[in-house]
Undergrad: 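For reference, the structure I am asking about is given below.
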Amino acid sequence: MPTVSVKRDLLFRALGRAYTEEEFDELCFEFGLELDEITSEKDIISKEQGDGKAGSASDVILFKIDVPANRYDLLCLEGLVRGLQVFKERIEAPRYKRILPENGEVQRLIITEETALVRPYAVAAVLRNIKLTQESYESFIELQEKLHQNICRRRTLVAIGTHDLDTIAGPFTYTARPPSDIKFKPLNQSVELTAKEMMDFYRADRKST
């Protein structure tokens, strides 16, 4: 089962009340989840790398919660809170619908023929009036990565990309190129890499962690 780690205090704040460990464990059980572990970043590092490596790590309490394999909507704090609130009948289940922008100008995604050889399908959407805090941004990126590792089968089936529409302009072209012809700056990096350089970089980074 996939596991989501959430900060206890942020979770309780979003739920609108505090729970004892026993109360929250019971709530998870009723909803079909399992509170697998109560830990902290410091405890995790201490177990995996020894006490000497955990000195500056956070003591913030983390709840590690196992969720059903078909409930990918619960793999982040926001989705977990929404699911629990709907279950407790505190809010109604959200209903999403497509709407046109106020100016009537829709964005276009152009898919080139060569792309169909590696990614035969593509879907794009614009989410407007979204404001992210540092915590919600980190939660969003973590969710995206969990989706990549699980339902997307490590990006072999699906790859998800997110961009700030305030910094780019359409129409957008989805194309396929040789790895040596692809250059961009990966997330949280300061230098531009080719696709091959990026794969070598992340392969080396994974071996060192």
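Heavy-atom basis, side chains included; hydrogens, waters and symmetry copies ignored.
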Undergrad: For the pair Ser40 and Val60, evaluate side-chain contact (heavy atoms from CB on, under 4.5 Å) and give the outcome as yes or no after the intermediate values.
TA: CA-CA 6 Å; Ser40 69; Val60 172; over 6 Å; no

Undergrad: Treating Ile, Leu, Val, Met, Phe, Trp and Tyr as nodes and any side-chain heavy-atom pair under 4.5 angstrom as an edge, say whether Leu74 and Ile151 lie in one connected cluster.
TA: yes

Undergrad: Does Phe184 belong to the same Ile/Leu/Val/Met/Phe/Trp/Tyr cluster as Val191, with side-chain heavy atoms less than 4.5 Å apart forming each link?
TA: yes

Undergrad: Give a yes or no on whether Phe140 and Leu147 share a hydrophobic cluster (residues Ile, Leu, Val, Met, Phe, Trp, Tyr; joining criterion: side-chain heavy atoms under 4.5 Å apart).
TA: no

Undergrad: Mind checking who shares a hydrophobic cluster with Ile168, ILVMFWY linked at side-chain heavy-atom distances under 4.5 Å?
TA: Leu109, Ile111, Val126, Leu165, Phe172, Tyr174

Undergrad: Roughly how far, to the nearest 0.5 Å, is CD of Glu113 from OG1 of Thr175?
TA: 10.5 Å

Undergrad: Can you run down the salt bridge (charged side-chain N to carboxylate O under 4.0 Å, His left out) pairs that involve residues 122-150, sequence neighbours left out, and say none if there aren't any?
TA: Glu145-Arg155

Undergrad: Looking at residues at least two apart in the chain, or sitting in another chain, which of them share a salt bridge (charged side-chain N to carboxylate O under 4.0 Å, His left out) with Arg8?
TA: none

Undergrad: Per the salt bridge (charged side-chain N to carboxylate O under 4.0 Å, His left out) rule, what does the pair list look like for residues 69-98, sequence neighbours excluded?
TA: Arg71-Asp73

Undergrad: Hey, are the side chains of Pro68 and Leu33 touching, using non-hydrogen atoms and a 4.5 Å cut-off?
TA: yes

Undergrad: In the structure I gave you, are the side-chain heavy atoms of Ile61 and Ile38 within less than 4.5 Å of one another anywhere?
TA: yes

Undergrad: If I take atom CD from residue Glu192 and atom CD from residue Glu197, how far apart are they, to the nearest 0.5 angstrom?
TA: 9.5 Å

Undergrad: Any carboxylate oxygen within less than 4.0 angstrom of a Lys/Arg side-chain nitrogen, looking at Arg13 and Asp9?
TA: no

Undergrad: Do Leu100 and Val106 have side chains that approach each other closer than 4.5 Å (heavy atoms only, starting at C-beta)?
TA: yes

Undergrad: Test: ring-ring contact (aromatic ring centres under 6.0 Å, His included). Region: residues 105-125. Which pairs qualify, not counting sequence neighbours?
TA: none

Undergrad: Does some side-chain heavy atom of Val81 sit less than 4.5 Å from a side-chain heavy atom of Phe12?
TA: no

Undergrad: Indicate yes or no: does Arg119 engage Glu114 in a salt bridge with an N to O separation below 4.0 Å.
TA: no

Undergrad: Please walk me through it: do Phe31 and Val67 pass side-chain contact (heavy atoms from CB on, under 4.5 Å)?
TA: CA-CA 10 Å; Phe31 188 47; Val67 304; over 6 Å; no

Undergrad: Does Ile99, at its CD1 atom, have more than 12 non-hydrogen atoms belonging to other residues, nucleotides or ligands within less than 6.0 Å?
TA: no

Undergrad: As an exercise, state the distance from CZ of Phe63 to CG of Asp25, rounded to the nearest 0.5 Å.
TA: 9.5 Å

Undergrad: Would you check if Thr3 and Leu75 make a side-chain contact, meaning some heavy-atom pair closer than 4.5 Å?
TA: no

Undergrad: Return yes if a side-chain donor-acceptor contact under 3.5 Å exists between Thr133 and Ser136, otherwise no.
TA: yes

Undergrad: Just verifying a value: how many Å separate Asp66 CG and Asp36 CG, rounded to the nearest 0.5 Å?
TA: 4.5 Å

Undergrad: Dump the intermediate steps for side-chain contact (heavy atoms from CB on, under 4.5 Å) on Leu77 and Leu11, then the final yes or no.
TA: CA-CA 7 Å; Leu77 171 68; Leu11 175 63; 3.8 Å; yes

Undergrad: Indicate yes or no: at least one non-hydrogen side-chain atom of Leu193 is less than 4.5 angstrom from one of Lys185.
TA: no

Undergrad: Taking the side chain as every heavy atom from C-beta outward, state whether Glu23 and Leu27 have any pair of such atoms under 4.5 Å apart.
TA: no

Undergrad: Do the side chains of Tyr72 and Val158 join up, straight or via other hydrophobic residues, at under 4.5 Å, putting them in one cluster?
TA: yes

Undergrad: With rounding to the nearest 0.5 Å, note down the distance linking CE in Met199 to OG1 in Thr194.
TA: 11.0 Å

Undergrad: For the SG atom of Cys152 and the CD atom of Gln144, what is their distance to the nearest 0.5 Å?
TA: 9.0 Å

Undergrad: With a 4.5 Å cut-off on side-chain heavy-atom distances among I, L, V, M, F, W and Y, is there a chain of contacts connecting Ile141 to Leu10?
TA: no

Undergrad: Got a sec: does the CG of Asn103 have more than 12 other heavy atoms crowding it under 6.0 Å?
TA: yes

Undergrad: Using side-chain heavy atoms (C-beta onward) and a distance below 4.5 Å, is Glu30 in contact with Phe87?
TA: yes

Undergrad: Taking all atoms of both residues into account, what is the closest heavy-atom pair of Asn150 and Arg153, and its distance?
TA: O-NH1, 2.8 Å

Undergrad: In sequence, state the C-alpha distance, the side-chain angles, and the governing distance for Ile130 and Leu132, and then conclude on side-chain contact (heavy atoms from CB on, under 4.5 Å).
TA: CA-CA 6 Å; Ile130 302 295; Leu132 296 175; 4.0 Å; yes

Undergrad: How would you list, by chain and number, every residue that makes a salt bridge (charged side-chain N to carboxylate O under 4.0 Å, His left out) with Arg154, sequence neighbours excluded?
TA: none

Undergrad: Minimum heavy-atom separation for Lys64 and Thr39, please, with both atom names.
TA: CD-CG2, 3.8 Å

